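What follows is a short report on a single structure.
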Amino acid sequence: AAWDAAKKKPGEFARLAKAALEGAEGQAFLSALCSVCHPLDHTFNADPRLASHNQGAREVVATLWRIASTSPQMHTS
């Protein structure tokens, strides 16, 4: 089913993301995303389009990281 934000309850995205990232496979996936998108990196890029694209990717991964970090499993590995 397509995602329709207008029809979702507040917190639904966070609930779905947290459910997907819990467990060993979810943690491995989040780790892989972090290694590819470097959510804490703020290096300069002379191409403004590429800089915006990279920043957007970092923000998505950082958002998932923040959501997953509220899970107790995130702190046990």
Side-chain angles (χ1 to χ4, degrees):
W3 176 266
D4 184 354
K7 295 180 181 178
K8 300 296 178 185
K9 297 176 186 173
E12 184 71 5
F13 176 80
R15 186 191 67 72
L16 291 169
K18 192 173 189 177
L21 296 170
E22 285 183 341
E25 288 181 352
Q27 294 300 306
F29 177 66
L30 184 58
S31 179
L33 283 175
C34 287
S35 70
V36 171
C37 294
H38 311 290
L40 301 178
D41 184 26
H42 295 285
T43 57
F44 174 77
N45 191 308
D47 181 347
R49 291 175 295 181
L50 183 57
S52 293
H53 171 80
N54 290 341
Q55 181 60 28
R58 287 191 300 267
E59 286 297 322
V60 168
V61 175
T63 297
L64 293 173
W65 185 6
R66 282 190 299 272
I67 290 169
S69 70
T70 64
S71 171
Q73 291 88 349
M74 183 77 165
H75 302 287
T76 60
S77 51

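Remember, it's a predicted structure, so these values are computed and weren't measured experimentally. Side chains are part of it too, since the values below use all heavy atoms of this structure and drop only hydrogens, waters and symmetry mates.
The minimum heavy-atom distance between I67 and A14, with the atom names listed, is CG2-O, 3.5 Å. Scanning all heavy atoms of the two residues, the minimum distance from L64 to L21 falls at O-CD1, 3.6 Å.
With sequence neighbours excluded, the residues that form a side chain to side chain donor-acceptor pair (under 3.5 Å) with Q55 are R58, E59. Among residues two or more places apart in sequence or in another chain, the salt bridge (Lys or Arg N to Asp or Glu O under 4.0 Å) test is passed with R66 by none. The salt bridge (Lys or Arg N to Asp or Glu O under 4.0 Å) test applied to D41 returns no partner, not counting sequence neighbours.
Applying the salt bridge (charged side-chain N to carboxylate O under 4.0 Å, His left out) test to pairs two or more places apart or on separate chains, those with a residue in residues 44-53 are D47-R49.
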Which pairs would a plain distance check flag for residues 28-40, meaning a side-chain donor or acceptor within less than 3.5 Å of a matching protein atom at least two apart in sequence or in another chain?
residue: S35; atom: OG; partner: A32; partner atom: O; Å: 2.8
residue: H38; atom: NE2; partner: S35; partner atom: O; Å: 3.2

